[in-house]
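Down below is the structure, laid out as structure tokens.
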Amino acid sequence: MYTNVKYILDDAVKNHYGVIASAAVNVELLRGEIAAADEMQAPLIILLGQGQMSKHGNADVMVPMIKTLAGETNVPVALILDHGRDWEYIVHAFRSGFSSIMIDASAYPTEENIARTKRVVDLCHLQGVPVEGEIGHVGQAVDMDGCKEEWYTRPEEALSFIKATNVDCLAIACGTAHGKYPKDFVPKLRFDIIEKVRAVTDIPLALHGGSGSGDDNIRRAVEAGINKVNVCTDIFNYCRDFTLDALKKDPDYDYLQLLIDIEARAKEITKHYIGLTGSAGQAGNFTAENTFGLKLGPCTGVGE
Ligand code: 13P
């Protein structure tokens, strides 16, 4: 069932669980991730980043494939433009059928972040497409940005950002970072920030940089109030490492079989992450009739 993040995450807030948002840039990852959600009867969010699409499969190619595969399972599957930064790109994703959009203007000063985010919300809400914004800034693991406390979300600013922009989901910074952390480094998360933001709002909260954050940290983040856990690097690297190993063992590995086996690895690691969030078995909360779509009100004016 193809749906949007608001439909999925409002249920996650109501029933206090988290949903995995997993990156999928090709058919193998997509099929593996959806199979994991289907088997565990968990709602799922598919991430597709502006940066990824500019280098690989673009929206015109990916959206129809994602919609088709989402339609083949009874579990709700949403698609979100991840880290939309440029207006033209965001509009293209919106028009291509993305069911949800993230605008990441978090590197700008707050006023500029609000203005850019609100512009996207105003567009997307015209067609019932929910929007995720970010306040505070989640940086890069390789630069140890997760330790930069000055970038962490300030709970009072989170509330004013939500009010000023009308976002449907909020990404917060509390100690994680995107990408691969240095060897043996496990981030220290500020669960108190999550709890304080959760105390001032009931909109869904997103944790970016899920990879390598540690299973216990993810469980505790969900307990503290996170509803969307973004995971990309671990999925990519798990499949890459399998490929390296497989080809080392057998350089004549049949290519099609390799793709099928990569898909199985994508399923395996997605199942692991779903298991940390409490979303397994929650698909039954969603009904097929209640999917997203263009919500048009009744005609009211003469000539409409
Ligand atoms: P990781 O690659 O660190 O899992 O981060 C994913 C993410 O937050 C995408 O928005």
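Whatever order the structure lists them in is the order used to number ligands and atoms, beginning at 1. The analysis underlying the following values was restricted to heavy atoms, covering all of them including side chains, and did not include hydrogens, waters or symmetry mates. Throughout, numbering of the chain's residues begins at 1 and tracks the sequence.
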Q) What protein heavy atom is closest to atom 2 (O) of ligand 1, reported as residue, atom name and distance in Å? A) Thr233 OG1, 2.5 Å
Q. Would one find an N or O of Asp234, backbone or side chain, under 3.5 Å from an N or O of ligand 1?
A. no
**Q.** Enumerated ligand 1 atoms positioned under 4.0 Å from heavy atoms of Gly210
**A.** 4 (O)
Q. Which ligand 1 atoms does His208 reach within 4.0 Å, using its non-hydrogen atoms?
A. 8 (O), 10 (O)
Q.
Show me which atoms of ligand 1 lie under 4.0 Å from any heavy atom of Cys232.
A. 1 (P), 2 (O), 4 (O), 6 (C)
Q: Identify the protein heavy atom lying closest to atom 10 (O) of ligand 1, giving its residue, its atom name and the separation to 0.1 Å.
A: Asp82 OD2, 2.6 Å
Q.
Is it the case that atom NZ in Lys148 sees more than 12 heavy atoms from other parts of the structure closer than 6.0 Å?
A. yes
**Q.** atom 3 (O) of ligand 1 - nearest protein heavy atom and its distance
**A.** Gly179 N, 2.9 Å
**Q.** Flag for Glu33-Thr270: side-chain donor and acceptor within less than 3.5 Å
**A.** no
Q: Give a yes-or-no answer on whether the side chains of Glu157 and Thr110 include a donor-acceptor pair shorter than 3.5 Å.
A: yes
Q.
Quick test of your reading of the model: are Lys118 and Asp122 salt-bridged, counting only N-O distances below 4.0 Å?
A. yes
**Q.** Within reach of ligand 1, part of Lys180 (heavy-atom separation under 4.0 Å)
**A.** neither
(Q) So which atom in Ala93 and which in Ile101 form the shortest heavy-atom distance, rounded to 0.1 Å? (A) CB-CD1, 3.9 Å
Q) Side chains of His137 and Asp145: donor-acceptor distance under 3.5 Å anywhere? A) no
**Q.** Polar proximity ligand 1 side, Gly209 side, N/O cut 3.5 Å exclusive
**A.** yes
Q | Proximity of Ala21 to ligand 1 by residue part, where a heavy atom lies under 4.0 Å | A | neither
Q | Spacing of CE belonging to Met65 relative to CG belonging to Asp60, to within rounding of 0.5 Å | A | 12.5 Å
